[in-house]
> 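Provided herewith is a single structure, encoded as structure tokens, for subsequent inquiry.
Computed from a prediction, not measured in an experiment: that's the story for all the values here. In what follows, residues are counted from 1 in the order of the sequence shown.
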Amino acid sequence: MERRLKSPPSKLAKLKPAIAAVLPGGLPRDVARFYAKSDGLKLSWNGEEAVLVGLAEMFGGLKKGSFREHRVVKKADVDELEWADLPFYEQFFNEHGDYYDKKSIDQLNLRMRLKLLAGVAGESNELAIDYFAEEPTIYLVHRADAAYPLKGLTFADFVAWFSKFGTWRWYFAFLDKKAEASLNIDLRAELERAFEDVPAEEWAPLLARLPKKKAPGPVRPQVQAAASEQPAVRPSFPPLKQPPVVLEEEYPRRVAFSPDGQRLAVWGANYELFVHDVGRRERLWKQKHAQAMDLSADGQTVAVLEHTRGSEPADRLVLRSSVTGKPLQREPWRPGRTLTALACVGSRVVVADTADTLHVLDLATQQTLKTVPRVKNVRRLGAAGDRLLAHVQAYDAGTMTLTGPSAVKLFDLATGAVVTSWAGASAFAATADGALVALGSLGKRTLVRIVELESGRVLHELQGGAIHPDETPDAGFHLAFSPDGARLVVSERVYDPGSKTVTSTVSLHDAKRGTLLERVDLGRDPERPRITIDAEGLALSVDGVLCVAADAFGLRIWQA
């Protein structure tokens with residue numbers, strides 16, 4: 001398709017006084033030269049439109065206060081920031097970030113200085129410029145919380161490449177190895193993929209900027225790393241009635257212990273995956289762009305749904321060593337569809353996709369063993385011994401709420417058949433041997449039933465707290481068994497009609513007797529006391545360590 005460029009009339013003369021209030025020396029020469037001829041640029045090409053913004057939008061619009069000097073923020077000032085009033089708030093800033101050291105504060109101040117150049121359609125990326133450095137520098141802002149300099153790219157060159165390719169990923173050629181590692185992508189491969197249908201001579205200078213990748217060596221047998229070269233350190237944490245140890249992680253939402261309790265896998269809302277040595281309280285490795293994860297029954301493998309870019313839905317399954325994080329197969333498994341949920345079930349891993357299909361793969365080889373079609377609206381998968389549990393319920397993306405009837409289904413993976421279904425259940429957990437399953441239901445109050453799978457008999461009913469009538473009922477409602485199946489932990493949001501307050505609680509039950517052992521309030525963040533801390537994930541180790549993933553409030557860990 002022919003490229004079409006539109007050059008809006010210049011507004012530089014009109015906006016010079018406002019710009020001078022921010023930049024006493026005015027715009028840099030090559031920037032001023034461009035905007036003296038045109039107020040930005042619009043490129044239509046290949047069915048897409050890209051916009052290099054005009055001067056007013058570059059500085060945050062024409063509203064009062066947009067053209068203002070940068071205020072240097074220090075650690076003590078962070079909590080006082082009116083985030084929503086910052087120019088480009090949704091594009092450049094994540095108010096829930098951890099701004100606690102010089103590096104993170106410097107990064108925040110950098111993004112406060114940046115002025116917008118272009119947004120990348122369909123991605124959580126922006127291109128911006130810093131006029132306050134010794135040399136004006138163009139940056140890629142990724143997911144509103146990191147800025148990577150485009151080294152060696154002048155403004156004039158930026159305009160030239162934008163005029164050819166808009167916001168296609170040509171700018172990847174100006175990122176360095178540090179950015180490549182942080183973004184967890186192969187810059188050369190991503191550039192080649194983006195321009196595979198474009199004549200090579202048009203983008204050859206970009207490719208020439210990136211080092212060639214070495215050809216892969218011969219296939220070597222994959223050997224699992226030993227659990228640890230060091231002697232195990234038994235973990236010790238405060239009892240439930242005392243304040244927990246809080247590990248500051250990046251918005252944890254799902255946690256899983258290895259069977260020996262030595263390692264803890266953590267997945268977060270920032271699509272990052274961490275694995276910790278629990279006894280030493282040390283991070284073993286970190287993985288970006290993870291959309292979902294589960295830990296194998298032996299604790300040696302972490303199955304991860306990933307994408308090379310954090311802003312994209314998962315399109316591949318990667319099996320990684322839980323000790324090192326290294327892939328256990330040369331190539332990931334890619335079915336050609338978006339992947340939504342997964343679970344490790346014995347020696348298999350089950351993956352759900354957007355085509356309403358369950359794929360059953362061998363955990364050691366990634367070979368597909370079976371596909372189960374027409375399983376709609378899968379929200380979560382989990383293991384019940386050698387069988388599969390699935391929570392199914394429709395989701396309204398517009399309102400971001402679950403809609404319609406909810407159910408938990410039990411599948412026989414050998415046949416793909418549904419063994420039984422529990423209508424109304426929305427949360428579940430099962431013992432490692434698959435003997436018991438806990439099913440959580442929502443009404444005016446929460447209700448958890450402990451069911452013996454072999455007979456289908458309800459052994460115990462655990463009545464929970466009242467649910468606030470105006471809240472999303474499933475918020476903070478999760479279940480988890482201890483490895484031996486003796487204890488069940490339940491998290492929920494409890495509404496007190498008298499005080500009209502909502503409290504998040506974690507309850508520990510004797511699963512055999514159906515009795516309450518202990519209940520704790522997750523509390524409130526001391527810096528934001530009006531905000532309730534919710535549990536997003538639960539795990540109970542063989543050593544009795546209870547881990548609660550509390551999203552923006554970190555990992556809370558007790559000795560239960």
> Quick one, Gln287 and Val302 - any side-chain contact, counting heavy atoms below 4.5 Å?
no
> Would the distance check show the side chain of Trp558 and the main-chain N or O of Gln242 forming a donor-acceptor pair, the cut-off being under 3.5 Å?
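Side chain of Trp558 to backbone of Gln242: a pair is present.
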> So, for Gly404 and Gln393, which heavy atoms are closest and what is the spacing to 0.1 Å?
O-NE2, 3.0 Å
> Carefully, step by step, assess Thr505 and Val520 under the rule side chain to side chain contact (heavy atoms under 4.5 Å, CB included).
CA-CA 6 Å; Thr505 65; Val520 293; over 6 Å; no
> Side chains of Leu363 and Val345, heavy atoms from C-beta outward: is any pair under 4.5 Å?
no
> For the backbone of Asp315 and the side chain of Thr338, can you confirm whether one donor and one acceptor N or O come within less than 3.5 Å of each other?
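Absent.
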> If you compare all heavy atoms of Gln91 against all heavy atoms of Val141, which two are closest, and at what distance to 0.1 Å?
O-CG1, 3.8 Å
> If we ignore hydrogens and angles and just use 3.5 Å, is the side chain of Gln559 paired with the main-chain N or O of Leu240 as donor and acceptor?
no
> Going by the salt bridge (Lys or Arg N to Asp or Glu O under 4.0 Å) test, name the single residue among Lys288, Arg320, Arg316 that passes it with Glu306.
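So, applying the salt bridge (Lys or Arg N to Asp or Glu O under 4.0 Å) to Glu306 and each of Lys288, Arg320, Arg316, only Arg320 qualifies.
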> Kindly give the heavy-atom pair with the smallest separation between Ala303 and Leu319, and that separation in Å.
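Scanning both residues completely, I find the closest heavy atoms to be CB-CD2, 3.7 Å.
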> Which residues satisfy the ring pair (Phe, Tyr, Trp, His ring centres under 6.0 Å) test with Phe92, sequence neighbours excluded?
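Partners of Phe92 under the ring pair (Phe, Tyr, Trp, His ring centres under 6.0 Å) test: Phe88.
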> I need the Leu538 CG to His478 NE2 distance, nearest 0.5 Å.
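The distance works out to 7.0 Å.
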> Distance-only, no hydrogens or angles: does the Gln329 side chain make a donor-acceptor pair with backbone N or O of Gln366 under 3.5 Å?
no
> Is Thr431 reaching over with its side chain to a backbone N or O of Leu436, donor-acceptor style, under 3.5 angstrom?
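Flag set: sc Thr431 to bb Leu436 pair under 3.5 Å.
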> For the CG atom of Leu540 and the CG atom of Leu488, what is their distance to the nearest 0.5 Å?
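These two atoms lie 9.5 Å from each other.
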> With a 4.5 Å limit on heavy-atom distance, are the side chains of Phe477 and Arg493 in contact?
no
> Measure the shortest side-chain to side-chain distance between Ser441 and Arg449 over non-hydrogen atoms and say whether it is less than 4.5 angstrom.
yes
> Once rounded to the nearest 0.5 Å, what's the spacing between atom NZ of Lys409 and atom OG1 of Thr420?
11.0 Å
> In this structure, are over 12 heavy atoms from other groups packed under 6.0 Å from Lys326 atom NZ?
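Atom NZ in Lys326 is not crowded, with 12 or fewer foreign heavy atoms closer than 6.0 Å.
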> Apply salt bridge (charged side-chain N to carboxylate O under 4.0 Å, His left out) to Lys102 and Asp106, showing your working.
CA-CA 6 Å; Lys102 185 178 185 303; Asp106 287 347; 2.8 Å; yes
> May I have the step-by-step check of side chain to side chain contact (heavy atoms under 4.5 Å, CB included) for Leu140 and Asn125, ending in yes or no?
CA-CA 7 Å; Leu140 169 68; Asn125 290 334; 3.8 Å; yes
> Between Leu342 and Ala292, what is the shortest heavy-atom contact and its length?
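Looking at all heavy atoms of both residues, the closest pair is CD2-CB, 3.6 Å.
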> Val266 versus Leu555: any side-chain heavy-atom pair under 4.5 Å?
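Contact flag for Val266/Leu555 side chains = yes.
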> Output yes when Asp294 and Arg254 qualify as a salt bridge under the 4.0 Å nitrogen-oxygen rule, no when they do not.
yes
> Kindly determine whether Glu272 and Lys286 satisfy salt bridge (charged side-chain N to carboxylate O under 4.0 Å, His left out), including the steps that lead there.
CA-CA 7 Å; Glu272 293 183 328; Lys286 172 182 176 180; 3.7 Å; yes
> Starting at CG of Leu388, measure out to CG of Leu358 and round the result to the nearest 0.5 Å.
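Here the rounded value is 6.5 Å.
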> Does any non-hydrogen side-chain atom of Met112 lie less than 4.5 Å from one of Leu86?
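A side-chain contact exists here, since the closest heavy-atom pair is under 4.5 Å.
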> Contact between Arg519 and Leu508 at the side-chain level, heavy atoms closer than 4.5 Å - yes or no?
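Result no, sub-4.5 Å side-chain heavy-atom pair not found.
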> If you measure from CD on Gln262 to NE2 on His276, what distance do you get to the nearest 0.5 Å?
14.0 Å
> Is a donor from one side chain sitting under 3.5 angstrom from an acceptor on the other, for Gln300 and Ser322?
no
> Could you please spell out the steps behind the side chain to side chain contact (heavy atoms under 4.5 Å, CB included) verdict for Val506 and Val490?
CA-CA 6 Å; Val506 174; Val490 179; over 6 Å; no
> Testing the basics here: between Gly416 and Lys370, what is the closest heavy-atom pair and its distance to 0.1 Å?
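Taking every non-hydrogen atom into account, N-CE, 3.7 Å.
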> Decide yes or no on side chain to side chain contact (heavy atoms under 4.5 Å, CB included) for Tyr495 and Thr501, but give the supporting numbers first.
CA-CA 6 Å; Tyr495 175 59; Thr501 59; over 6 Å; no
> Run the numbers on Asp484 and Ser482 for side-chain hydrogen bond (donor to acceptor under 3.5 Å, both in side chains), then give the verdict.
CA-CA 6 Å; Asp484 60 2; Ser482 61; 2.6 Å; yes
> Could you check whether any side-chain N or O of Ser491 sits under 3.5 Å from a backbone N or O of Gly476, counting only pairs where one atom can act as donor and the other as acceptor?
yes
> Do we get Arg380 above Phe428's six-membered ring, with its NZ or CZ under 6.0 Å from the centre and within 45° of the axis?
yes
> Please find the pair of heavy atoms, one from Val318 and one from Pro327, that lie closest to each other, and give the distance.
CG1-CB, 4.3 Å
> Using a 6.0 Å cut-off, check whether atom CZ of Arg513 has over 12 heavy atoms from anything other than its own residue.
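Check fails, neighbour count at 12 or below.
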> Mind checking side-chain contact (heavy atoms from CB on, under 4.5 Å) for Ala297 and listing every partner two or more places apart, or none if nothing turns up?
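Result, side-chain contact (heavy atoms from CB on, under 4.5 Å) vs Ala297: none returned.
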> For His391 and Ser406, does a side-chain donor sit closer than 3.5 Å to a side-chain acceptor?
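There is such a pair (donor and acceptor under 3.5 Å, judged by atom type) between the side chains of His391 and Ser406.
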> Is a donor on one side and an acceptor on the other found under 3.5 Å between the side chain of Arg556 and the backbone of Phe553?
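Yes.
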> Quick one: sort the His289 and His142 rings into parallel, tilted or perpendicular, breaks at 30° and 60°.
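Rings of His289 and His142: perpendicular, as their planes differ by over 60°.
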> Verify, without hydrogens or angle tests, whether Trp267 (side chain) and Arg253 (backbone) share a donor-acceptor contact under 3.5 angstrom.
no
> Calculate, to the nearest 0.5 Å, the distance between atoms CG and OG1 belonging to Leu361 and Thr368 respectively.
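Taking CG in Leu361 and OG1 in Thr368, the distance rounds to 4.0 Å.
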> Between Asp386 and Arg348, is the salt bridge (charged side-chain N to carboxylate O under 4.0 Å, His left out) condition met? List the steps.
CA-CA 9 Å; Asp386 60 356; Arg348 295 155 293 183; 5.1 Å; no
> For Glu454, enumerate each residue passing the side-chain contact (heavy atoms from CB on, under 4.5 Å) test, keeping only those at least two apart in sequence or located in another chain.
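Not a single residue meets the side-chain contact (heavy atoms from CB on, under 4.5 Å) criterion with Glu454.
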> With Arg379 as the cation and Tyr395 as the aromatic partner, state whether NZ or CZ is under 6.0 Å from the six-membered ring centre and within 45° of the axis.
yes
> Answer with yes or no whether the side chains of Thr515 and Asp510 bring together a donor and an acceptor at under 3.5 Å.
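Side-chain D/A pair, Asp510 to Thr515: absent.
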> Indicate whether any N or O donor in one side chain lies under 3.5 Å from an N or O acceptor in the other, for Ser296 and Asp298.
yes
> Under 3.5 Å, side chain of Arg111 to main-chain N/O of Ala147, donor-acceptor pair present?
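A pair under 3.5 Å: no.
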> Have Glu452 and Ser455 got a donor and an acceptor in their side chains that come within less than 3.5 Å?
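On atom types as modelled, these side chains qualify, holding a pair under 3.5 Å.
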> Would you call Val278 and Phe257 a side-chain contact if the rule is heavy atoms closer than 4.5 Å?
yes
